[in-house]
Each structure stands twice: as structure tokens, then as C-alpha cells.
Amino acid sequence: SAAVERRLASFRAARCNSAVPPRPAEPTGKAAAPEIPEAQQAAGPSGRAEAHPAGEAVAAPVWARPLLLKVLLWAVLLALFVELELGLPYFVLSLIYWMYAGTRGPAERRRGELSAYSVFNPGCAAIAGTLTAEQLERELYYRPAAGR
């Protein structure tokens with residue numbers, strides 16, 4: 001346990017040393033701006049320090065996420081179409097569009113990726129976990145699997 005604690009302490013020390021980038025030398029003759037401590041620079045609007053590991057991107061605020069913006073736009077348009085007494089057609093067309101946008105064509109499939117529908121796979125290969133008629137019949141009659 002003590003060896004693990006020592007290794008952990010040395011890892012943390014190495015990580016802290018590598019996380020602080022070296023500061024470039026300031027040109028002489030220039031008045032230095034008052035330095036703000038790093039803890040205050042990282043402080044958010046609440047005044048609490050927000051730790052961000054070096055090289056890691058900061059997540060966008062909740063209101064700036066694309067999915068949330070799309071849902072809000074859809075809801076606003078739904079309210080507008082309801083006011084125009086076209087809410088049901090807007091909703092149905094939205095559902096049809098979501099079904100269309102949610103499907104991918106065979107060209108968009110990654111190399112080696114199988115379709116959930118075996119008829120679209122080369123040689124009608126089924127994906128793992130698919131219940132076949134042979135397996136169902138074997139389980140109904142308590143027969144051993146072929147080759148066992």
C-alpha cells in the first residue's frame with residue numbers, strides 16, 4: 001500500500017510540473033502588467049475555481065448545445081403552427097423527417113459493419129445475438145446445438 005501511495009504521489013507531482021507551461025521572457029523596458037493569480041483566472045462567474053486539465057476542451061454551455069437549440073427551434077415552430085391551426089401536419093411531417101434523417105444508407109456504413117437486417121448483409125449473415133428459426137426450434141425441442 002505504501003508503494004502505491006509513493007507512486008501516486010510521484011505521478012501527481014510529475015503531472016503538476018508538466019501542466020504548468022513555461023512563461024516566455026518579457027522584453028526589457030516594458031512595464032509589466034499586474035499579474036492575476038492562476039486561481040483567479042480560472043475562476044468562473046460564481047467565483048469558484050474551475051479546474052481544466054491542460055489540452056482538454058471546455059464543454060459548451062447547456063444553452064449552446066446543437067441538439068438543445070434544434071429542439072427549442074422545433075418547439076417554437078410547433079407553437080407557431082399550432083397558432084396557425086397547422087400543428088398536426090407540422091408534427092406528422094416532423095416525425096417523417098426524423099425517421100428519414102435517422103436512417104443511414106448502405107454507403108454510409110463503416111467498412112465491415114453489418115446491418116441489423118440480415119437480408120442486407122453479404123451472404124445474409126446475421127449479427128450476434130439474433131434469434132434464428134433454427135435456434136428457436138432447437139430450444140423448443142430441447143435439442144443440443146449442431147456440432148456439440
Side-chain angles (χ1 to χ4, degrees), residues 1 4-140 145-146:
S1 177
V4 172
E5 291 295 328
R6 281 194 307 270
R7 288 184 64 199
L8 183 60
S10 65
F11 170 75
R12 287 180 179 156
R15 186 176 63 182
C16 288
N17 290 339
S18 67
V20 179
R23 293 186 177 223
E26 293 196 22
T28 57
K30 237 184 184 184
E35 296 233 343
I36 301 171
E38 288 182 14
Q40 288 180 358
Q41 287 178 353
S46 62
R48 295 179 300 177
E50 300 170 359
H52 299 293
E56 189 173 310
V58 179
V62 173
W63 55 266
R65 294 187 180 152
L67 180 62
L68 180 64
L69 291 175
K70 289 176 185 178
V71 169
L72 288 175
L73 175 66
W74 179 84
V76 168
L77 287 175
L78 177 64
L80 176 70
F81 279 98
V82 165
E83 194 65 31
L84 297 172
E85 297 182 4
L86 293 170
L88 185 60
Y90 176 76
F91 186 77
V92 170
L93 289 175
S94 296
L95 289 178
I96 292 170
Y97 171 74
W98 289 334
M99 285 189 291
Y100 171 75
T103 58
R104 296 184 302 162
E108 297 173 359
R109 214 178 294 146
R110 290 183 293 255
R111 186 176 198 89
E113 181 181 10
L114 297 176
S115 171
Y117 302 102
S118 60
V119 294
F120 298 120
N121 295 332
C124 292
I127 60 173
T130 302
L131 179 64
T132 61
E134 293 82 16
Q135 179 187 359
L136 182 63
E137 184 179 276
R138 190 174 55 245
E139 289 177 3
L140 284 174

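Atom CG of residue Leu140 and atom CD of residue Glu137 lie 8.0 Å apart, to the nearest 0.5 angstrom. Atom CG in Leu72 sits 9.5 Å away from atom CG in Leu67 (nearest 0.5 Å).
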What pairs of donor and acceptor atoms, side-chain ones from residues 122-134 against any protein atom, are under 3.5 angstrom apart with sequence neighbours left out?
from	atom 1	to	atom 2	distance (Å)
Thr130	OG1	Ile127	O	2.7
Thr132	OG1	Gln135	N	3.2

Give every donor-acceptor pair under 3.5 Å between a side-chain atom in residues 80-94 and any protein atom, sequence neighbours left out.
from	atom 1	to	atom 2	distance (Å)
Tyr90	OH	Trp74	O	3.4
Ser94	OG	Trp74	NE1	2.9
Ser94	OG	Tyr90	O	2.7

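Legend: residues meeting side-chain hydrogen bond (donor to acceptor under 3.5 Å, both in side chains) with Trp98, ordered by chain and number and at least two apart, are absent.
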